[in-house]
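Only one structure is covered here, and it is reproduced in the block below.
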Amino acid sequence: MSTQSTIDIGGPVNVVAHGGSGAPILLIHGLGGSHVNWHAVAGPLTEYGTVTAIDLIGFGRTPPAGRLATVQSQRDLVIQYLETHADGPATLIGNSMGGLVSLLVARKAPELVDSLVLVDAALPAARLRIDPTVIKGLIRPLVPVLGARAYEKAMEDPEAYMDEMGKILFVDPSRMPADARRVSVEMATERATMPWVSQAFSEAAKSLFAVLLKRKSFAADVREIQVPALIVQGAQDRLVDVESARWLAAERPDWKLKVFDNVGHVPMLEVPEQFLDVVGSWLSERAAVRS
């Protein structure tokens, strides 16, 4: 049974404790996401540790409250959370922007991190791709007026909004567990009433792109990270090219890469059982190393 609470880290932060015991596991969502992105896998992951999902600044149920929603601010938020609420070094499981934030945390505060699971993490582009659906889906939220209208549409017809997002995030949206879709629709409806949503998305996205455009410095930082990592990637991800994941694995040949065929940007929602098999094995290996 999960428990939702609000903690104070320079302002209110929504966290969901899923239970478990042992080493901490922190689930970090992506751009435009929230704790519900982990709904299908958070419970089973408690077999491997104490699982908590966090809503980043300006996302889910965490308001900006005077804080920026940039990836640097999210990094600092996670570091402060680990310093004050985690019982020892944590495994960070981050999807998309959450994967990038996880990398930034491990680079700045390695003593707080046991390992990383990078799930279709936001990475520098390995090649030029033009996908009109993705471009439309990303550009609209970056423009304040258009972004606000997009979230108004979500409130008017959340099912249609989820269908639109599904075209970008999944290869086959029908694979998404019904209960995970239900809580996602509920969150989309709730988010559409929050006045800061569009601004937070824009701030986070712009800062994310600024980091990823500096490919050489990004690669140098990745090579300095001191903790082990598992890279999990959907082969048909329309947002993060599988070649970017392969580039990252080449930069860090000591890290493990697992590519899911015929899967998109959110394997924990599209193929949760496969995701749990791979990540569970990794977490078991890490537990054996710690013991």
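These numbers come from the heavy atoms of this one structure, side chains and all, not from hydrogens, waters or symmetry mates. This structure is a prediction, so every number in the text was calculated from the model and none was measured. Residue numbers run from 1 in the order of the sequence given.
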Should Val36 and Ile93 be counted in the same cluster of Ile, Leu, Val, Met, Phe, Trp and Tyr side chains packed under 4.5 Å apart?
-> no

Asp87, CG: over 12 other non-hydrogen atoms inside 6.0 angstrom = no

What residues form a side chain to side chain contact (heavy atoms under 4.5 Å, CB included) with Leu104, not counting sequence neighbours?
-> Val71, Arg75, Leu100

What residues form a side-chain hydrogen bond (donor to acceptor under 3.5 Å, both in side chains) with Ser73, not counting sequence neighbours?
-> Thr70

Does anything in residues 61-95 pair up under ring-ring contact (aromatic ring centres under 6.0 Å, His included), and if so which pairs, sequence neighbours excluded?
-> Tyr81-His85

Does Leu213 have any side chain to side chain contact (heavy atoms under 4.5 Å, CB included) partners at least two apart in sequence or in another chain, and if so, which?
-> none

Is the closest basic N to carboxylate O distance between Asp120 and Arg238 below 4.0 Å?
-> no

side-chain hydrogen bond (donor to acceptor under 3.5 Å, both in side chains) against Glu83, all qualifying residues, sequence neighbours excluded = none

If a pair satisfies ring-ring contact (aromatic ring centres under 6.0 Å, His included) and one of its residues is in residues 211-241, list it, with sequence neighbours excluded.
-> none

Could you tell me which residues satisfy side-chain hydrogen bond (donor to acceptor under 3.5 Å, both in side chains) with Ser115, sequence neighbours excluded, listed by chain and number?
-> Thr91

Minimum side-chain heavy-atom gap Pro267-Arg175 below 4.5 Å | no

Which residue pairs pass the ring-ring contact (aromatic ring centres under 6.0 Å, His included) test with at least one member in residues 247-291, sequence neighbours excluded?
-> none

Side chain to side chain contact (heavy atoms under 4.5 Å, CB included) partners for Ala235, two or more places apart = Val259, Asp261

Determine whether Val271 and Leu283 fall in the same hydrophobic cluster, where Ile, Leu, Val, Met, Phe, Trp and Tyr are linked whenever their side-chain heavy atoms lie under 4.5 Å apart.
-> yes

Salt bridge (Lys or Arg N to Asp or Glu O under 4.0 Å) with Glu186: which residues, sequence neighbours excluded?
-> Arg182

Counting heavy atoms not belonging to Glu273, are there more than 12 under 6.0 Å from its CD?
-> no

If Ile, Leu, Val, Met, Phe, Trp and Tyr residues are connected whenever their side-chain heavy atoms lie under 4.5 Å apart, and connections chain through other members, are Val211 and Leu68 in the same group?
-> no

So does Asp76 pair up with Lys108, basic N to acidic O under 4.0 Å?
-> yes

Cluster link Phe59 to Ile79, ILVMFWY, side chain under 4.5 Å = yes

According to the side-chain hydrogen bond (donor to acceptor under 3.5 Å, both in side chains) rule, which pairs have a member within residues 12-34, sequence neighbours left out?
-> Gln4-Asn14, Asn14-Asp55

Can you name the residues that form a side chain to side chain contact (heavy atoms under 4.5 Å, CB included) with Lys214, not counting sequence neighbours?
-> Ser217

